[in-house]
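Report on the following structure.
Hydrogens, waters and symmetry mates are skipped; everything else that's a heavy atom, side chains included, is used.
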Amino acid sequence: MIRQSAWVLIPALVLAGCSDSDDDDRNGALSLNILHINDHHSHLEAGSQTLEIAGKETEFETGGFARVASKLAEREAALDNVLKLHAGDAITGTLYFTSFEGEADADLMNQVCFDAFALGNHEFDRGDEGLKDFLDQLASGSCNTPVLAANVKPAIGTPLAPTAQDDYIQPYTVKEVDGEKVGIIGIDIANKTKNSSSPLDSTEFLDETATAQAMIDELEADGVDKIILLTHYQYQNDLALAEALSGVDVIIGGDSHTLLGDFDAYDINAAGPYPTERTNADGDRVCVAQAWQYSQVVGELAVEWDADGRVTRCEGVPHLLLSDSFVREDANEDEYEPAGEERQAILAAIDADPQLSLVTEDASVAASLAGYTAQLDTFRNKVVGTATEDLCLERIPGTGGRSEIAGCDEATAARGGHIPNLVAQAFLFLSKDADVSIQNAGGVRTDIAQGSITIGDAYTLLPFANTLVDLTMTGAEIRQVLNEAVDFAHTPDGSSGAYPYAAGLRWDVDMTRAAGERLFNIEVKGRDDSDWRALADSDTLKVVTNSFTGGGRDGYVTFGTVTDDGRAVDTFLDYAQSFVDYVEAKGTLSRPALDEMSTQSYTAPAQ
């Protein structure tokens with residue numbers, strides 16, 4: 001049963017119009033409800049989330065696109081003046097993308113009919129041609145969803161601009177809501193997309209702030225004074241953007257997978273209030289919101305403008321989407337489903353917090369998803385090995401929040417993730433010719449929980465279209481590329497996914513040191529070596545990496561230089577299949593020994 005929220009942000013939403021009804025050119029006041037998601041990353045099935053609720057840890061089935069669709073439909077029916085927005089990274093991340101190349105995502109998105117969709121960096125993971133194919137699938141429905149990215153400029157004659165730059169991508173769209181014009185401008189994170197995805201070299205990515213201001217000015221010149229930025233630009237960048245711009249009113253964002261709200265009572269950490277308010281360059285209020293990740297949350301933001309186009313009020317709620325089926329563990333750690341008074345206490349706690357929503361899946365969306373799922377089951381459920389313990393995901397040591405397994409934040413605090421190190425070991429094992437391997441953290445997408453490891457786990461772990469590439473490099477070049485990576489991982493417009501992991505290499509990191517010297521004390525133990533030794537600049541080693549970073553992406557600039565010099569050999573080994581082969585050969589996987597972890601010590605940047 002869908003629980004109707006008792007917390008209606010703007011009851012009835014009776015809208016104020018122009019005081020002079022005969023003046024059609026004069027803008028009026030407006031109340032608007034924005035429903036939004038971001039970064040669903042082909043996570044179409046439900047996931048799980050453990051909440052500390054009604055006095056005890058309780059595991060819920062959560063999210064999934066069928067619940068997203070259901071909650072959007074419920075709130076749209078309950079509210080007036082609704083816009084449904086998606087802030088990018090719809091694709092890549094699970095077997096649904098690996099197998100269907102965006103078809104499943106487009107199908108389900110077309111059952112929601114978003115009013116606008118902003119491009120994210122991962123939309124370019126299959127290049128401009130792959131993005132064109134996804135957008136063709138999205139356009140095959142009846143929604144006609146505008147695809148927005150004002151700062152993305154494909155070259156004429158390329159897949160995304162066969163005849164004109166706006167063939168597929170528009171800078172903005174203008175929606176008429178209750179007689180008022182609302183401008184929605186798309187912004188994609190430029191540097192990260194260029195360096196951490198695979199767009200054509202001819203596709204330009206313009207400065208986010210300058211482009212946003214130019215588009216705001218253009219809309220205002222056309223009489224549009226209610227401006228929403230739909231960004232894939234990260235929460236902290238959005239806050240800075242809000243303060244830098246004139247004329248901006250609302251920013252609906254993505255990319256940083258940021259949870260906003262107050263979930264402390266459930267032992268889930270949020271990054272800030274929902275919405276977060278800032279003051280723009282005009283001294284006016286700006287409302288910033290984001291809706292976490294992976295089809296887990298639907299954001300609901302209510303905004304009021306006065307007749308002068310200034311925001312007078314914004315408030316909202318992030319809806320965490322829960323199933324009404326949940327489990328706990330007894331004193332013997334055996335799972336059970338609460339009943340009676342215990343169940344009622346949980347339901348009462350949910351009902352008391354508007355952020356928690358019991359949501360029944362949309363039947364039509366669930367049926368469509370089931371058709372894709374059935375095609376995957378035989379392939380993905382084959383067991384290829386066993387994890388003897390939880391293999392935790394993390395990018396940068398001590399940052400937390402990437403893992404979905406309890407206890408992993410603590411386990412990865414000092415040296416980072418286990419599974420990125422193991423992926424690097426797998427690549428070294430499969431390369432056969434390399435001495436060491438280096439893998440970017442962002443290319444590794446999930447934990448591997450204790451228990452059976454399936455082919456599906458491997459392709460969810462490594463969902464991109466990469467091969468293994470061997471690079472012949474000097475020790476000085478290895479030192480340089482590792483420092484490039486760790487610096488890019490900490491740059492505001494870079495990517496935390498650039499943080500390096502390795503097999504056969506280990507080091508210390510101190511982010512308070514000067515740029516280029518932050519990753520130091522590098523030691524090497526090659527494939528046939530028994531002892532660690534200091535890496536010498538004069539060494540010559542073969543380094544296996546994935547083809548994405550091997551081309552100089554994600555901040556690994558020196559890899560690109562080595563490739564351009566003709567010192568790269570593509571093995572044409574699929575990187576996900578390589579991990580499958582490694583697991584089958586090993587039979588079991590355990591956490592790396594501490595002295596084999598690539599990061600031996602880590603000091604965070606000074607605050």
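Taking a 6.0 Å sphere around CD of Glu404, one finds it holds 12 or fewer heavy atoms contributed by other residues, nucleotides or ligands. Residue Glu57 places its CD atom among 12 or fewer non-hydrogen atoms of other residues, nucleotides or ligands, all under 6.0 Å distant. Environment of CD in Glu341: sparse, with no more than 12 heavy atoms of neighbouring residues, nucleotides or ligands closer than 6.0 Å.
The backbone N or O of Lys56 sits less than 3.5 Å from a side-chain atom of Thr58, completing a donor-acceptor pair.
If you check the side chains of Ser403 and Asp447, you find a donor sitting under 3.5 Å from an acceptor. Counted by atom type alone, Glu300 and His319 present one or more donor-acceptor pairs between their side chains at under 3.5 Å. Using modelled atom types and a 3.5 Å distance limit, the side chains of Tyr266 and Thr50 yield no donor-acceptor pair.
Taking the ring pair (Phe, Tyr, Trp, His ring centres under 6.0 Å) definition, one finds that Tyr372 meets it with Phe100, sequence neighbours left out. With sequence neighbours left out, His86 forms a ring pair (Phe, Tyr, Trp, His ring centres under 6.0 Å) with His40, Phe114, Phe117. Remark: Lys181 pairs with no residue by the side-chain hydrogen bond (donor to acceptor under 3.5 Å, both in side chains) rule, at least two apart or across chains. Remark: Ser368 engages Gln111 in a side-chain hydrogen bond (donor to acceptor under 3.5 Å, both in side chains) (not counting sequence neighbours). With sequence neighbours left out, the side-chain hydrogen bond (donor to acceptor under 3.5 Å, both in side chains) criterion links Glu361 to no other residue. Among residues two or more places apart in sequence or in another chain, the ring pair (Phe, Tyr, Trp, His ring centres under 6.0 Å) test is passed with Tyr235 by none. Legend: residues meeting side-chain hydrogen bond (donor to acceptor under 3.5 Å, both in side chains) with Trp305, ordered by chain and number and at least two apart, are Asp249.
Listed by first and then second residue, the ring-ring contact (aromatic ring centres under 6.0 Å, His included) pairs involving residues 342-368 amount to none (not counting sequence neighbours). Among residue pairs with one or both ends in residues 42-148, those qualifying as disulfide bond (SG atoms under 2.5 Å apart) are Cys113-Cys143; sequence neighbours excluded. A disulfide bond (SG atoms under 2.5 Å apart) check over residues 220-321, counting only residues at least two apart or in different chains, returns the pairs Cys287-Cys314. Within the structure, the salt bridge (Lys or Arg N to Asp or Glu O under 4.0 Å) test picks out no pair touching residues 265-274 (sequence neighbours left out). Residue pairs meeting the salt bridge (Lys or Arg N to Asp or Glu O under 4.0 Å) criterion with at least one member in residues 213-229, sequence neighbours excluded: Glu180-Lys226.
Two rings, from Phe65 and Tyr96, have their centers 6.0 Å or more apart.
Here Asp362 contributes atom CG and Arg67 contributes atom CZ; the two are 11.5 Å apart, rounded to the nearest 0.5 Å. Rounded to the nearest 0.5 Å, atoms CG (Leu321) and CG (Leu356) are 10.5 Å apart. To the nearest 0.5 angstrom, Asp238 atom CG is 10.0 Å from Thr276 atom OG1.
The aromatic rings of His122 and Phe464 lie parallel to each other, their planes meeting at an angle below 30°, with 60° marking the opposite boundary.
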